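Written below as structure tokens is the structure these notes are about.
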Amino acid sequence: MKTGIPLDYLIQTTSTSIKDKFSNSKLNTLLITKYDNNNPITQFSSFSNIEDIRKNIPSVLGFANIYFGFTSKQSTKAELLTILTWNKEAVAVSLIGTRLNTLESYKSVNGAFSITIGEKNVNVTLNLTTAALNSYNDLATKIQEAINGVAKDANIVVLYNSNNGNLILQTSQKGANSKISFLQSPTSGTDISNLFGLLQSQGAYIVNGRDAIANLDALLSLIQITNGNYFNITTNFKFDNENNDLLTFGSWLKNSNGRYIGIYSMENQSIVTDNMALQPYFAYDGLMIDYSLNKNQNAFLCATISAIDFSNANGNYNIAFNDASIFENSITQESQLTNLNANRANSVLTYGKLGQFSQFYGMGKIMGQLTDNANIYIADSYLTIALQFSLANMFLGQGFIGVRGDNNISIIISYIDPVFYDAVTAGIIVQGTELTTSEKNTIITNFKNQDNAIQLLQNRGFYYEISKIDISNKTIEIVRAYVANTPINKIIIRNYILGA
């Protein structure tokens with residue numbers, strides 16, 4: 001299946017003018033977590049530091065600490081983590097307040113505010129002078145009772161978030177059509193609307209309600225349509241039906257044709273006792289299995305990938321055998337290691353020799369028919385994404401590109417060549433490698449200009465042919481070949497419709 005990142009998605013979601021430039025040097029991570037009704041956040045939220053995660057979604061703090069805490073062999077670190085909260089059932093719109101005042105200050109409150117719930121605006125009277133306020137939860141309950149006392153059928157739930165010390169108001173109606181307003185001045189009574197951190201001017205904000213995303217197929221479709229700035233996709237929970245869901249996940253990854261890599265943690269001990277335990281997943285390109293002996297091992301694996309900076313000279317490095325001494329448990333038996341490797345899985349390993357023991361994360365394996373080496377898959381995916389960015393810039397920057405004539409072809413080449421030369425600099429492609437007879441025969445089979453292909457592959461490390469240009473659909477079909485640099489020199493040949 002020849003597919004690529006849809007250029008139209010890139011243009012619509014990333015660009016606002018023809019001056020915009022697409023660029024990406026790191027393959028960031030998307031962490032899928034379950035929606036928490038007590039801590040609603042936007043469906044996709046991106047974070048670049050631990051503190052923002054601590055304030056907004058502390059349930060993934062353990063993952064984030066490992067992810068942002070990893071330093072690569074090249075002294076680089078992961079820079080961006082996007083969180084997708086998955087709601088299998090419809091959820092209500094939420095009004096998120098800022099930090100409350102002292103509890104004591106609310107015991108003398110007596111006044112009113114208004115609020116719109118759905119299409120209904122209500123004026124709410126709140127007298128706390130005689131209320132028993134022993135906690136902020138009591139305050140939340142009193143506000144809820146006051147609103148629901150006049151809202152009737154437009155009821156809400158008021159929660160206290162102890163992590164941030166704020167109130168959360170949610171409608172009883174659920175789904176994308178649920179509505180709520182910020183607090184407003186009352187139509188009558190003393191105005192107390194500014195006392196609870198629920199005004200927009202105070203920093204309060206609204207998280208929209210959502211319709212249900214009932215199954216994994218629907219969730220993956222959402223990810224594909226959104227097409228965000230991430231490459232690694234992982235979860236901090238186990239699939240409900242692990243076998244079937246993993247097959248669904250693997251099939252989707254394979255059909256992405258290198259756009260994504262999926263990292264899934266399994267605790268199935270047969271991975272290290274049965275060398276064919278994961279055979280049902282062998283065909284799924286882009287699927288990586290983490291044999292989980294410790295919590296948040298997948299965060300470590302994601303970090304090793306997201307920390308690679310392909311904009312650096314020799315920025316590419318082997319994701320296997322990074323120091324994993326932060327973990328307590330590891331594989332120590334040779335038979336277990338043999339089975340792990342046969343199953344193309346990864347885990348924490350302890351090697352011992354001459355009385356010295358070192359703990360690493362290995363083996364850098366991946367499922368699929370393209371390759372069993374994750375580094376080759378990752379570098380090839382980066383190359384594809386970089387080509388997509390470059391071609392998007394071409395379509396934005398060029399008023400018209402014809403399909404005939406050397407001048408028009410040279411314009412296209414001027415956008416494609418730099419991507420490959422950058423890949424040489426980054427250590428993705430190696431130059432000056434003599435091809436074997438079998439490799440030369442493979443090149444002859446796949447390319448029209450065989451002699452030129454072989455010569456350029458051996459000299460500069462890459463060769464490509466533009467086999468079809470469809471300007472109306474913004475697609476270019478390219479057959480490319482290059483000599484992969486890590487872990488061993490290997491010829492990679494890929495056929496892509498860039499932009500399809």
Side-chain angles (χ1 to χ4, degrees), residues 24-31 63 66-81 230-234 253 258-266 271 284-294 296-327 330-331 337 340-341 343-351 358-368 370-386 423 426-430 484-490 492:
N24 188 47
S25 63
K26 290 189 175 181
L27 299 172
N28 301 307
T29 293
L30 173 71
L31 173 64
F63 182 101
I66 293 175
Y67 179 75
F68 286 117
F70 170 80
T71 302
S72 77
K73 301 168 183 176
Q74 304 284 41
S75 299
T76 53
K77 299 171 76 73
E79 295 178 353
L80 188 71
L81 177 63
Y230 41 76
F231 168 69
N232 310 317
I233 299 175
T234 192
L253 290 166
R259 170 62 178 90
Y260 300 107
I261 195 169
I263 296 171
Y264 184 74
S265 291
M266 298 182 75
I271 293 173
Y284 295 122
D285 300 301
L287 178 62
M288 290 189 76
I289 299 296
D290 163 53
Y291 174 50
S292 181
L293 299 173
N294 306 273
N296 294 319
Q297 272 186 198
N298 57 332
F300 188 89
L301 183 52
C302 287
T304 63
I305 298 171
S306 294
I308 300 175
D309 192 338
F310 288 104
S311 66
N312 290 344
N314 297 313
N316 192 19
Y317 60 82
N318 195 341
I319 66 164
F321 307 109
N322 286 275
D323 174 52
S325 55
I326 62 171
F327 294 116
S330 64
I331 290 175
L337 177 60
L340 181 81
N341 196 31
N343 278 309
R344 297 193 189 182
N346 305 270
S347 193
V348 182
L349 318 168
T350 296
Y351 286 86
S358 298
Q359 194 160 286
F360 300 96
Y361 192 95
M363 300 284 295
K365 293 293 184 180
I366 195 168
M367 301 296 178
L370 294 173
T371 177
D372 68 350
N373 183 273
N375 260 99
I376 290 177
Y377 182 93
I378 292 163
D380 187 71
S381 294
Y382 171 76
L383 187 56
T384 300
I385 294 170
I428 294 173
I429 295 173
V430 64
N485 188 30
T486 185
I488 56 174
N489 295 351
K490 181 177 181 180
I492 307 295

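Just so you know, these numbers use all the heavy atoms, side chains as well, and skip hydrogens, waters and symmetry mates. Predicted, not measured: the structure shown is a model, and the values here were computed from it.
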Under 3.5 Å side-chain donor-acceptor pair for Thr76 and Asp309: no
For the residue pair Met367 and Arg344, what are the closest heavy atoms and their distance? C-NH1, 3.6 Å
Pair Asn346, Ile289 - check side chain to side chain contact (heavy atoms under 4.5 Å, CB included), show working. CA-CA 6 Å; Asn346 305 270; Ile289 299 296; 5.6 Å; no
Which heavy atom in Met363 sits nearest to a heavy atom in Leu340, and how many Å separate them? CG-CD2, 4.3 Å
Checking Tyr361 against Ser347: is there a side-chain donor and acceptor pair closer than 3.5 Å? no
Judged by modelled atom types alone, do Thr371 and Asn373 share a side-chain donor-acceptor pair under 3.5 Å? no
Residue pair Ile308 / Ile319, side-chain heavy-atom distance below 4.5 Å: yes
Any donor-acceptor pair under 3.5 Å from Ser306 side chain to Ala303 backbone: no
Say whether, by atom type as modelled, one donor and one acceptor occur between the side chain of Asn314 and the main chain of Ala426 under 3.5 angstrom. no
Could you walk me through whether Gln297 and Val348 pass side chain to side chain contact (heavy atoms under 4.5 Å, CB included), step by step? CA-CA 8 Å; Gln297 272 186 198; Val348 182; 3.5 Å; yes
What residues, two or more places apart in sequence or in another chain, satisfy ring pair (Phe, Tyr, Trp, His ring centres under 6.0 Å) together with Tyr230? none
If you compare all heavy atoms of Lys77 against all heavy atoms of Thr71, which two are closest, and at what distance to 0.1 Å? NZ-OG1, 3.2 Å
Is Leu80 close to Phe68 at the side-chain level, that is, under 4.5 Å between some pair of heavy atoms? no
To the nearest 0.5 Å, atom CD1 of Ile385 lies from atom CZ of Arg259 at 5.0 Å
As a quick check of understanding, evaluate side chain to side chain contact (heavy atoms under 4.5 Å, CB included) for Met266 and Tyr291, giving each step before the final call. CA-CA 5 Å; Met266 298 182 75; Tyr291 174 50; 5.7 Å; no
Sorted by chain and number, sequence neighbours left out, side-chain contact (heavy atoms from CB on, under 4.5 Å) with Glu79 holds for Lys26
dist Ser330:OG -> Asn294:CG (nearest 0.5 Å) comes out at 8.0 Å
Compare all side-chain heavy atoms of Leu349 with those of Leu337 and state whether any distance is below 4.5 angstrom. yes
How long is the straight-line distance from CD1 of Ile233 back to CE of Met288, given to the nearest 0.5 Å? 14.0 Å
Please find the pair of heavy atoms, one from Phe231 and one from Ser381, that lie closest to each other, and give the distance. CE1-CB, 3.4 Å
Is it the case that the side chain of Asn318 and the backbone of Ala320 share a donor-acceptor pair, with hydrogens and angles ignored and the cut-off at 3.5 Å? yes
Considering non-hydrogen atoms only, spot the tightest contact between Thr29 and Thr234 and give its length. CG2-CG2, 4.3 Å
Look up atom CZ in Phe360 and atom CZ in Phe321, then write down how far apart they are to the nearest 0.5 Å. 8.0 Å
Counting N and O atoms only, with roles assigned by atom type, does the side chain of Gln359 sit under 3.5 Å from a partner on the main chain of Thr350, one being a donor and the other an acceptor? no
Distance col, row Ile366:CD1 vs Asp285:CG, nearest 0.5 angstrom, shows 7.5 Å
Any chance you could measure Asn232, atom CG, to Cys302, atom SG, to the nearest 0.5 Å? 5.0 Å
Please answer whether the main-chain N or O of Tyr317 pairs with a side-chain N or O of Asn375 as donor and acceptor at a distance below 3.5 Å. yes
Counting C-beta onward and ignoring hydrogens, is there a side-chain heavy-atom pair between Ile261 and Leu253 closer than 4.5 Å? no
Could you tell me whether a side-chain N or O of Asp290 sits under 3.5 Å from a main-chain N or O of Tyr264, the two making a donor and an acceptor? no
With a 4.5 Å cut-off on side-chain heavy atoms, are Leu31 and Leu81 touching? yes
So which atom in Tyr377 and which in Gly258 form the shortest heavy-atom distance, rounded to 0.1 Å? OH-CA, 3.3 Å
Can a donor-acceptor pair be found between the side chains of Ser292 and Ser265 at a distance below 3.5 Å? no
Where do Asn316 and Ile378 land on the side chain to side chain contact (heavy atoms under 4.5 Å, CB included) test, with the steps shown first? CA-CA 10 Å; Asn316 192 19; Ile378 292 163; over 6 Å; no
Quick check: do Lys73 and Asn322 have side-chain heavy atoms less than 4.5 Å from each other? yes
Sequence neighbours left out, what passes ring pair (Phe, Tyr, Trp, His ring centres under 6.0 Å) with Phe70? Give chain and number order. Phe300
